[in-house]
Structure formats: C-alpha cells, structure tokens
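One structure below.
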Amino acid sequence: MAGPDGAVVSTPTHAPHMATMNPMHQAALSMAHAHGLPSHMGCMSDVDADPRDLEAFAERFKQRRIKLGVTQADVGSALANLKIPGVGSLSQSTICRFESLTLSHNNMIALKPILQAWLEEAEKSHREKLTKPELFNGAEKKRKRTSIAAPEKRSLEAYFAIQPRPSSEKIAAIAEKLDLKKNVVRVWFCNQRQKQKRMKYSAGI
DNA sequence: ATGCATGAGGC
DNA sequence: CCTCATGCATA
C-alpha cells in the first residue's frame, strides 16, 4: 500500500549519531502529569508532555505537511537545513512514526519542537515562494532483512506472552526449536518490548 | 507503514 | 545483554 506520501528516498548524507537527548530511567517514563494547567503561564517552551497535545500536534503536523506537498522523507532530510545544534536529518520512518504516534512518549516529546520548527520555516518559505536547494545523491547499499514466517512468529508471540524477557539460554532454546538464529530471536524480543512502549499501544496514557 | 537491525549508553 | 532512538529494506 504505497500511500500518497510513500516516497522512497535515499539519504546518503548521513551524520554519525547525533546527540543523546535525555538520559532517563525506565521507571520515570510512566510518569503522569495531572495538573490543572494554569491559564496564565509566562513563557513556557514546548516542554509539555501531554499525550493529548502530542496527538493533536502530530495530526496538525501531518495535515499541514501534506498541504505543503512535502513527503515524510523530504521533512526528514530538510531538518538538517534548520541548522539546529545537535539535530541532523531523520528518516522517512521516523517522521512516519511521529505522525502515527508509534514512538515512545519521550521520543515524541523530544521530536516535537524540532518538527514544529521545521513546519514554521516551511510555511514561511512557502508564503515567500522560496525554493529550497535539494540534495540528491546516489546510494549503493543492500542490507538484507530477515523474514520470520507466520508460524514462527506465532510461536514467538506465545513465548513472549508468558516471558517477555527470556534468559540467554531460553532464547537459545527457542531459537533452536524454531530454527532461527539466536540473535534474530534476541532482537525480536527486544523489538517486541519496544513496541509495548509505543505511545499508541501503551496503557499508561 | 512496518519488520528486523544497529549502535550508543548503561549496568 | 538491555533499553532507546533511529533507519534500511520491504510489504
């Protein structure tokens, strides 16, 4: 299903990983913030951690992005042009996940101000009919993606249901039963745990 | 849009 | 080895 903005663009200009945003403890993630939200605050930045605000922003963001005729991949590479310290480009995947709220709450909060800044610049430029220089390049990489068959996937899900964090030995045993590489199984469990923490599927919101 | 993967940082 | 942010490859 290639969506209207399902552009596949390569972003070769890749900076090594940038800044580490917020070192935080896992326990601090499920923090709530039930305050009355006073209506006369001085000038708070975008440090609000309200899921409803994030949801609203993500939706507005997507709509305005589309109005501008910009793809998710375009936004990702354009971020580098903002020249924000510690902020480079992002992938189509990340922009997509931001819009669909399939990132961790913390990740959403960290990305919001950056994407908001981009949106404001993009709309300003659009008004002025300015064209931004595009950056194209050729790429030549071919990483392969393992594909776990449905039966094996169902087994993994069953194991996950009773033990989300199996020991190394248990993982090895599961890997052998399903005839998969141990590392493939280990990573599958890691990714599964991460999925549970996505904003959209987390019950703690 | 999403599955499997990588790498930094942490314990 | 884990978590977390992030991305290539692909459905």
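To find a chain, count down the sequence lines: A is the first, B the second, and so on, and within it residues start at 1.
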Are OP1 or OP2 of [N] and a side-chain N or O of [X] less than 4.0 angstrom apart?
| X | N | result |
| --- | --- | --- |
| Gln72(A) | dA1(B) | yes |
| Lys144(A) | dA9(C) | no |
| Lys153(A) | dG3(B) | no |
| Lys195(A) | dG3(B) | yes |
| Ser93(A) | dG7(C) | no |
| Thr146(A) | dA5(B) | yes |
| Ser168(A) | dC1(C) | yes |
| Ser104(A) | dA5(C) | yes |

Worksheet item: With a 3.5 Å cut-off and no angle check, do the side chains of Thr102(A) and Lys195(A) form a donor-acceptor pair?
Response: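 The criterion, which ignores hydrogens and geometry beyond distance, is not satisfied for Lys195(A) and Thr102(A).
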Fill in: 5'-most by nearest nucleotide on DNA chain C - Arg97(A) or Ile171(A)
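Residue closer to the 5' terminus by nearest nucleotide: Ile171(A).
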Worksheet item: Is a salt bridge present between Lys67(A) and Glu123(A), judged by a nitrogen-to-oxygen distance below 4.0 Å?
Response: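 No, this pair does not count.
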Discussion item. If the test is side chain to side chain contact (heavy atoms under 4.5 Å, CB included), which one of Gln63(A), Arg64(A), Lys62(A) qualifies with Ile66(A)?
Written reply: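 Running side chain to side chain contact (heavy atoms under 4.5 Å, CB included) over Gln63(A), Arg64(A), Lys62(A) with Ile66(A) returns exactly one hit, Lys62(A).
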Item to complete: Residues of residues 174-193 of chain A with any non-hydrogen atom less than 4.0 angstrom from an atom of DNA chain C: list those, numerically ordered, please.
Response: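 Of all residues in residues 174-193 of chain A, the ones placing a heavy atom under 4.0 Å from DNA chain C are Arg186(A), Cys190(A), Arg193(A).
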Discussion item. Is the shortest side-chain heavy-atom distance between Ile174(A) and Phe189(A) below 4.5 Å?
Written reply: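 Sidechains of Phe189(A) and Ile174(A): in contact.
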Item to complete: Please check if the distance between the ring centroids of Trp188(A) and Tyr159(A) is under 6.0 Å.
Response: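 Centroid distance Trp188(A)-Tyr159(A): not below 6.0 Å, so no.
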Fill in: Donor-acceptor pair (no angle test) under 3.5 Å: Arg143(A) side chain, dC8(C) base
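Present.
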